[in-house]
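First the proteins, then the strands, lettered A, B, ... as listed; each starts at 1.
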Amino acid sequence: MQFFGGSEISPSPPVPTASGNNAHMMYVFNRNGVCLLYKEWNRPLHTLNPQQDHKLMFGLLFSLKSLTAKMDPTNADKGNLGVPQLPGQGCSFHSFRTNTYKLSFMETPSGIKIILVTHPKTGDLRESLKYIYGLYVEYVVKNPIYSPGSPIKSELFNTALDQYVRSIS
Amino acid sequence: MAAIYSLYIINKSGGLIFYKVNHLFLALHLAPVFYDLPSVEENDDLIDANFAGFIDSRRDRPKIEALEIISWTLIFDLICSVVCVLVGFGKTQDCGTKGRMDTNDSLRVASLWHSMHAISQQLSPVNGCSGIELLQADTFDLHCFQSLPGTKFFVVCEPGTPHMESLLRYVYELYTDYVLKNPFYEIEMPIRCELFDINLTQAVQSDRVALLGR
């Protein structure tokens, strides 16, 4: 599975998909399930408190990855259901859609999971998620003060992210 | 031949009541691994391209006729079915060979899907979510339809296969006609209705799927 074909440091953002689609919220998790970032732009309904919500989201993604790896019809050799998969091992899903939202997901080889929840009519956001990962690398990972595994508090990152996500909305 | 890998039906409580695998399609995908055939690339004329390419590559054979392709297909399908019957898996129509799931795994996958479907409703940012309708993965798409009483029908197909929504609604119609209206069928139990199987097989063939897209 190819993650990043280009060798640019900060690729230019891809052309925004259909206009008028609002982003609802965004999550960034690391490989241990710690929620590094949670951003909310438009969320009228809160069913659970934030900690439970993060745990539920991470659990859902973990189980869905396990499910897709097991259900992969083109792979003859599959592990057992429930065994944690390494990033990039086995088939992984990149989005799912319900009648009220669309969730786009990307996992990097280092285990960083980026999730964007948008309007159901949004197109394929894989390129946008790669760009957001590029922003993360530039503003967060390369920040010498940031300690990996802790929640992201970088103002520059938040601003750039906000600006970019609003441009794809 | 439609680009459908398998079809599942789950009852209200999350138990698998029907599971059908499209053997020939699955076998063709794995055939390059085992039989050194040219790899499957395009959806259109899948079987023709595959077998014609295989046969054309043998220089001493003349160019293949359409009838010969069809007969190769039928023979392959027959062999798969015979192997399945011999191995002893009955109506659930699955083989425990590579590339397919055995019965226990299909049960686990079905109940996992049932739970994931429910959890996805909890995580919705707005009211009125009815669960996952489409899951897109690298090598397959999964379309799911939930009926009003809570029975879920989902199909695993090649990425980008059209008309799956209408196929699922048609399968729901077949389910109500041949299964629910059958006086000997116990509700929520595994489906063992011949007519349902026959009509379903017909519906899954490619020309029918296109016609269903109305």
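No side-chain donor-acceptor contact under 3.5 Å links A:Thr98 and B:Glu133.
Between the OH atom of B:Tyr5 and the CE atom of A:Met71 there is a distance of 12.5 Å, given to the nearest 0.5 Å. Atom-to-atom distance recorded for A:Leu60:CG and B:Leu123:CG is 6.0 Å, nearest 0.5 angstrom. To the nearest 0.5 Å, atoms OG1 (A:Thr68) and CZ (B:Phe140) are separated by 5.5 Å. Interatomic distance, B:Leu135 CG to A:Phe93 CZ, rounded to the nearest 0.5 Å: 6.5 Å. Taken from CD in B:Gln136 to CZ in A:Phe105, the straight-line distance is 14.5 Å, to the nearest 0.5 Å. A distance of 10.0 Å separates OG in B:Ser106 from NZ in A:Lys70, rounded to the nearest 0.5 Å.
Using a distance-only test at 3.5 Å, with no hydrogens or angles considered, a donor-acceptor pair links the side chain of B:Asp138 to the main chain of A:Ser92.
Counting all heavy atoms, side chain and backbone alike, A:Ser63 lies closest to B:Leu112 at O-CD2, 3.9 Å. Taking each heavy atom of B:Pro125 and A:Pro44 in turn, the nearest pair found is O-CD, 3.1 Å. The heavy-atom pair separating A:Tyr101 from B:Ser120 by the smallest distance is OH-O, 2.7 Å.
Around CD of A:Glu40, the count of heavy atoms belonging to other residues, nucleotides or ligands within 6.0 Å exceeds 12.
Per-residue counts of heavy-atom pairs under 4.5 Å with chain B were compared for A:Leu64, A:Asp53, A:Val117, A:Asn42; the largest is that of A:Leu64. When each of B:Arg108, B:Met116, B:Gln122 is checked for heavy-atom pairs under 4.5 Å with chain A, B:Met116 comes out on top.
Both the backbone and the side chain of B:Val109 come within contact range of chain A, with heavy atoms under 4.5 Å apart. Heavy-atom distances place the side chain of A:Leu48, and not its backbone, under 4.5 Å from chain B. Both the backbone and the side chain of A:Met57 come within less than 4.5 Å of a heavy atom of chain B. A:His24 touches chain B through its side chain: at least one heavy atom from C-beta onward sits under 4.5 Å away, while N, CA, C and O do not.
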Could you walk me through whether A:Phe96 and B:Leu134 pass the side chain to side chain contact (heavy atoms under 4.5 Å, CB included) check? CA-CA 6 Å; A:Phe96 73 75; B:Leu134 166 64; over 6 Å; no
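For the pair A:Asn99 and B:Cys129, the minimum side-chain heavy-atom distance is below 4.5 Å.
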